[in-house]
Amino acid sequence: MKLLRLEHLDIVCADVKKSVEFYRKLGLTPEGTLDNGNVVFLFSGDDESPVRVELHQAEKGQKTGVDHIAFEVADTGAAYREGKDQGLEFKFEPLQNIQSGRHIANLYDPDGVQVQFARKTLPGEYGNWG
């Protein structure tokens, strides 16, 4: 399978509002939110060299840090099948995430880092950031 680019980095935050303000200072702009502002999608606004970060408010007892690394692929199903043929074990079969608008398939690397194959296929059902 060919990884096209880093699609986004998902980070679990102790205080999502403080994290949004931090990433705004780095030039990212909120493009949408889910779960009453507990999940925020940020974007550089540059389609030629996009930078995307997804922030999640940590739940009680949840460790902060990287939740998953998402790589864009041309075809999530084909990447999944190729990975299976190479002996990779996936967390789940490819599915359409309606909220984010991405077709995804997740697996773990040898150190337990969650990796996602993703392809944006729909606009997503998130609201605007206040």
Quick one: does Tyr23's side chain get under 4.5 Å of Leu55's, heavy atoms only? yes

In terms of heavy-atom contacts, does NZ of Lys2 have more than 12 from other residues, nucleotides or ligands at under 6.0 Å? no

Check: Asp75 and Tyr80 side chains under 4.5 Å, non-hydrogen atoms: no

Hey, are the side chains of Val16 and Val40 touching, using non-hydrogen atoms and a 4.5 Å cut-off? yes

Using the side-chain hydrogen bond (donor to acceptor under 3.5 Å, both in side chains) rule, pick out the option among Asp10, Thr64, Asn38 that qualifies with His56. Asp10

Do Gln96 and His103 pair up side chain to side chain, a donor and an acceptor below 3.5 Å, judged on atom types alone? no

Quick check: closest heavy atoms across Gln99 and Asp35, and the distance to 0.1 Å? NE2-OD1, 4.2 Å

Are Val66 and Leu28 linked, directly or through other ILVMFWY residues, by side chains that come within less than 4.5 angstrom of each other? yes

Looking only at non-hydrogen atoms, find the nearest pair between Arg102 and Ala118 and report the distance. CD-CB, 4.3 Å

How many angstroms lie between CG in Leu88 and CZ in Arg81, if you round to the nearest 0.5 Å? 14.5 Å

So do the side chains of Thr29 and Leu42 get within less than 4.5 Å of each other, counting heavy atoms only? no

side-chain hydrogen bond (donor to acceptor under 3.5 Å, both in side chains) partner of His8, the single match among Arg52, Lys120, His68: His68

Applying a strict under-4.5 Å side-chain criterion to I, L, V, M, F, W and Y, I'd like to know whether Ile98 and Val39 cluster together. no

Give a yes or no on whether Val51 and Leu6 share a hydrophobic cluster (residues Ile, Leu, Val, Met, Phe, Trp, Tyr; joining criterion: side-chain heavy atoms under 4.5 Å apart). yes

Residues Arg119 and Leu4: closest non-hydrogen pair is NH1-CD1, 3.9 Å

Which value, rounded to the nearest 0.5 Å, describes the distance between Leu34 atom CG and Ser100 atom OG? 8.0 Å

Quick one: pull up CD in Gln57 and CG in Asn36 and give me the separation to the nearest 0.5 Å. 12.0 Å

For the pair Lys18 and Glu21, find out whether any cationic side-chain nitrogen is under 4.0 Å from an anionic carboxylate oxygen. no

Would you say that Leu3 contacts Phe117 through its side chain, given a criterion of any heavy-atom pair below 4.5 Å between the two side chains? yes

Can Leu122 be reached from Val73 by stepping across I, L, V, M, F, W or Y side chains whose heavy atoms are under 4.5 Å apart? no

Evaluate whether atom CD of Gln86 has more than 12 neighbouring non-hydrogen atoms of other residues, nucleotides or ligands under 6.0 angstrom away. yes

Using modelled atom types and a 3.5 Å cut-off, is there a donor and acceptor pairing between side-chain atoms of Asp46 and backbone atoms of Glu48? yes

Under 3.5 Å, side chain of Asn97 to main-chain N/O of Gly101, donor-acceptor pair present? no

Minimum heavy-atom separation for Met1 and Gly83, please, with both atom names. CE-N, 3.7 Å

CD1/Ile104 to CG/Asn106 distance, rounded to the nearest 0.5 angstrom? 5.0 Å

Taking atom CD of Gln62 as the centre, report whether more than 12 heavy atoms of other residues, nucleotides or ligands fall under 6.0 Å from it. yes

Non-hydrogen side-chain atoms of Ile11 and Glu54 separated by less than 4.5 Å: no

About how many Å separate CG of Leu107 and NZ of Lys84, when rounded to the nearest 0.5 Å? 10.0 Å

For the residue pair Tyr126 and Phe41, does the interplanar ring angle fall in the parallel (under 30°), tilted (30 to 60°) or perpendicular (over 60°) class? parallel

Cluster link Val20 to Leu9, ILVMFWY, side chain under 4.5 Å: yes

State, with a plain yes or no, whether a side-chain heavy atom of Val115 is found less than 4.5 Å away from one of Tyr108. no

Are the side chains of Gln116 and Glu72 in touch, meaning some heavy atoms are under 4.5 Å apart? no

Minimum heavy-atom separation for Ala79 and Phe90, please, with both atom names. O-CZ, 4.4 Å

On a heavy-atom basis, which atom in Thr76 and which in Pro94 lie closest, and how many Å separate them? CG2-CB, 4.1 Å

